Amino acid sequence: MLDIRRIRTEPDVVKAALARRGIDGSDIDRVAALDEQQRRLAAERDEVRVQVKALSKQVGALHRDGKADEAAAAQAQSRALGEREQTLAAEAAAAAAEVRELLLRIPNLPHPDAPDGASEADNPVVRVVGFDPDGYEPAQRIPHWDLGPRYGILDNERAVKISGAMFTMQRKGGATLARALTQYALDRNADAFEEVRPPSLVLSETLTATGQLPKFADDAYAIERDDLWAIPTAEVPLTSIHRDEIIDTASLPLRFMAATSCYRREAGSAGRDTRGMLRTHEFDKCEVFAYATPEQAPELLDDLIDRAERGIADLGLAYRVLEICTGDLGQSHHRSFDIEVYAPGTDQWLEVSSVSWFSDYQARRGNIRYRPGGGGTAMVHTLNGSALAVPRVWAAIVETYHDGDAIAVPEVLLPYFRGSTRIA
RNA sequence: GGAGCGGUGGCAGAGCGGACGAAUGCACCGGUCUUGAAAACCGGCGGCCCGCAAGGGCCCGAGGGUUCGAAUCCCUCCCGCUCCGCCA
């Protein structure tokens, strides 16, 4: 959510920033007009309230002095004012609600350094690491959806029987690999991040704070009978840990990590990437997250990117880093980087991590504050990144480490394999 | 799920129709004293909104209602605790 005061004081700056995302400024004009109306109504309401309060005090005093007639007159006057106050209060509240409703749907302003662009195709590649297009053996050029059934480690046919399309089931060494990746991601970030196991079903308020609601309700699974939603990422509950709180400034930055299942309806993606493990309704992911001051945020962003990169590099996989251009930036994002791993069997770059800085956009939605030096309160900044998204890394490993007879276990995962060195 | 009790400032805890945004204690910040610290004493100390300011309004779990006036009375909901039931 953008700062309404910023929209009031420098609407042109806000509109110019949104224009970089390809969004016209008409919503900003609407919000500004409604906001002005809201403030006018609230001021009028307050004036009436002042009179009611003064009259009420008089009534009490008059009764004590035994002047019943005068008290009755003041009461009548106050009652009449009370009706006017109620009308004004209702109008002001309605205007305020409408302002918020609009504000919740306006995306964040991009960082000045975020590259301009219209779509995914314009995301610049920042660097490519460990990739040699001619360095792969024929055995590595087999897609994981063929290797999976061949070695009995992926059983999507039965997953579909159990849960329908776009669900997967790993078995034997494949299941171990999935679990090992989660454990690996947690272990290597435990130096700086508190491990959390948050709830996977959350309230609407929780999903609103991160930005999924109200605009992207169709993307999330709803458990309507109990008014709960299945989380699409651990970012959602982690962001709400300190929702509606003022965080002790000395404790910032606060860093959390959580491995959870993530649930996505993938509305609009039906028929895309349907084979194997590339796009599924339920998958495991280890998320790293931070609350920070605005001053701490840039450094933390670099650290999150670095951690995600090293996690992939140490698995022996080739990857590249992309910066997200203004036209492809998610609604809540201020600045964002993607890490894509190379899967030789499918010959694709697979997005396995997205690291983002949200500035104060989510904090304002969730009312998450701290006390900056000069007194008062201010919104914190939030940042998050996938330390590791399991399915696509799983696919890249199975393809990269296939030698014709089995899949070798990457060295850094050996501690999680109960002595096995090969998946077959 | 049933019954009982309860939700007040960072915490504890008073208030139970009018002068209450709210006693008191603790915590916290500044000062005095001290070589330094502790103790003691003095002062300060919630959040939000509007306003250049002066000032005004709102917030006692949430939402409605009664009243000239609600933290205080009534209704609905949410949450917590205790006991019972069920349960991995």
Side-chain angles (χ1 to χ4, degrees), chain A residues 1-10 31-104 197-209 223-229 237 240-252 254 261 291 360 363-380:
Chain A
M1 199 156 72
L2 299 181
D3 185 353
I4 186 67
R5 274 171 289 203
R6 183 111 192 262
I7 292 174
R8 278 202 297 254
T9 53
E10 38 186 25
V31 169
L34 262 169
D35 171 59
E36 205 184 313
Q37 187 190 341
Q38 187 275 132
R39 281 184 297 155
R40 209 182 52 238
L41 287 164
E44 219 178 315
R45 174 204 63 201
D46 285 357
E47 278 170 34
V48 176
R49 274 181 180 162
V50 170
Q51 296 178 45
V52 170
K53 285 193 159 192
L55 280 167
S56 293
K57 282 195 175 171
Q58 281 180 30
V59 171
L62 289 168
H63 274 302
R64 271 194 297 280
D65 296 346
K67 297 174 180 166
D69 290 354
E70 288 178 48
Q75 279 182 27
Q77 199 183 344
S78 179
R79 195 180 301 125
L81 282 170
E83 280 164 27
R84 169 130 185 82
E85 191 241 293
Q86 284 215 330
T87 308
L88 286 167
E91 287 173 7
E98 213 174 324
V99 166
R100 182 176 164 80
E101 201 58 41
L102 276 173
L103 236 32
L104 284 175
R197 174 56 248 220
S200 305
L201 302 181
V202 300
L203 299 169
S204 296
E205 292 91 309
T206 302
L207 217 51
T208 302
I223 293 102
E224 291 183 10
R225 188 165 73 164
D226 296 294
D227 197 21
L228 290 167
W229 302 81
S240 275
I241 286 180
H242 287 291
R243 179 153 52 78
D244 291 319
E245 291 183 23
I246 300 174
I247 300 173
D248 176 23
T249 304
S251 70
L252 293 172
L254 271 175
S261 292
Y291 299 98
D360 59 4
R364 187 162 287 109
R365 299 171 80 99
N367 193 27
I368 310 163
R369 294 169 292 168
Y370 75 109
R371 300 184 193 276
T377 61
M379 298 296 165
V380 300

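Quick note: numbers below take in every heavy atom, side chains included, and nothing from hydrogens, waters or symmetry partners. Chain letters run A, B, ... following the sequence lines, proteins first, then strands; residues in each count from 1. A quick note: this is a predicted structure, and the numbers were derived from the prediction, not measured.
Contacts of A:Ser78 with the nucleic acid, taken as non-hydrogen atoms under 4.0 Å apart, involve only primed sugar atoms and P, OP1 or OP2. Looking at heavy-atom distances under 4.0 Å, A:Arg40 makes no contact with the nucleic acid at all.
Take A:Arg45 and apply the side chain to side chain donor-acceptor pair (under 3.5 Å) test, not counting sequence neighbours, and it matches no residue. For A:Asp244, there are no salt bridge (charged side-chain N to carboxylate O under 4.0 Å, His left out) partners at least two apart in sequence or on another chain. The ring pair (Phe, Tyr, Trp, His ring centres under 6.0 Å) test applied to A:Tyr291 returns A:His242, A:Phe289, not counting sequence neighbours.
As rounded to the nearest Å, B:A14 and B:A3 have C1' atoms that lie 29 Å from one another. Comparing B:C16 with B:U66, their P atoms sit 25 Å apart, to the nearest whole Å. Atom name P, nucleotides B:U35 and B:A54: the rounded distance is 42 Å, in whole Å. Rounded to whole Å, the separation between the C1' atoms of B:G61 and B:C79 comes to 7 Å. Nucleotides B:C77 and B:G13 have their C1' atoms positioned 27 Å apart, rounded to a whole Å. Rounded to whole Å, the P atom of B:G6 lies 15 Å from the corresponding atom of B:U72. Between B:C42 and B:C48, the two P atoms lie 31 Å apart (nearest whole Å). A gap of 15 Å separates the P atoms of B:C45 and B:G55, to the nearest Å.
Closest to the side chain of A:Arg39, out of B:G51, B:C48, B:C68, is B:G51. When distances are taken from the side chain of A:Ile246 to each of B:G47, B:G51, B:G18, the shortest belongs to B:G47.
Searching all strands for a Watson-Crick or G-U wobble partner of B:A37 with both distances below 3.5 Å returns nothing. Of all nucleotides present, only B:C59 satisfies the Watson-Crick or G-U wobble test against B:G46, with each distance under 3.5 Å. Nucleotide B:G6 is matched to B:C79 when pairs are restricted to Watson-Crick or G-U wobble geometry with both distances under 3.5 angstrom. Across all strands shown, B:G69 forms no Watson-Crick or G-U wobble pair with both key distances under 3.5 Å. The partner of B:A22 cannot be assigned: no Watson-Crick or G-U wobble pair with both contacts below 3.5 Å exists in any strand.
Here the P atom of nucleotide B:C68 and the CD atom of A:Glu85 are 14 Å apart, to the nearest Å. Taking atom CZ on A:Arg369 and atom C1' on B:C48, their separation rounds to 7 Å, with Å as the unit. Remark: C1' of B:C48 and CD of A:Gln38 are 12 Å apart, rounded to the nearest angstrom. Here the P atom of nucleotide B:G17 and the NE2 atom of A:His63 are 17 Å apart, to the nearest Å. At whole-Å resolution of the value, CD in A:Glu70 and P in B:C68 are 18 Å apart. Spacing between atom CZ of A:Arg364 and atom P of B:C48 amounts to 12 Å, rounded to whole angstrom units. Atoms CE (A:Met379) and C1' (B:C49) sit 12 Å apart, rounded to a whole Å. For A:Asp226 and B:G1, the CG to C1' distance is 14 Å, given to the nearest whole Å.
Nearest-nucleotide assignment on RNA chain B puts the 5′-proximal partner with A:Ala378, out of A:Ala76 and A:Ala378.
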Can you give one letter per nucleotide of nucleotides 55-67 of chain B, going 5' to 3': B for a protein heavy atom under 4.0 Å from the base, S for sugar-phosphate only, - for none? -BSS---------

If you look only at distance, which donor and acceptor atoms sit under 3.5 Å apart when one is on a side chain in residues 83-99 of chain A and the other is two or more places apart or in another chain?
from	atom 1	to	atom 2	distance (Å)
A:Arg84	NH2	A:Glu44	OE2	2.5
A:Glu85	OE2	A:Arg49	NE	3.1
A:Glu85	OE2	A:Arg49	NH2	3.3
A:Thr87	OG1	A:Glu83	O	3.0

Donor-acceptor pairs under 3.5 angstrom involving side-chain atoms of residues 73-82 of chain A: please list them, not counting sequence neighbours.
from	atom 1	to	atom 2	distance (Å)
A:Gln75	NE2	A:His63	NE2	3.2

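Side-chain contact check for A:Met1 versus A:Leu104: some heavy-atom pair is nearer than 4.5 Å. The shortest side-chain heavy-atom distance between A:Arg39 and A:Arg8 falls under the 4.5 Å cut-off. Counting heavy atoms from C-beta outward, A:Leu254 and A:Ile241 have side chains that stay 4.5 Å or more apart.
A:Arg243 and A:Thr206 form a side-chain donor-acceptor contact under 3.5 Å, judged by distance and modelled atom types alone.
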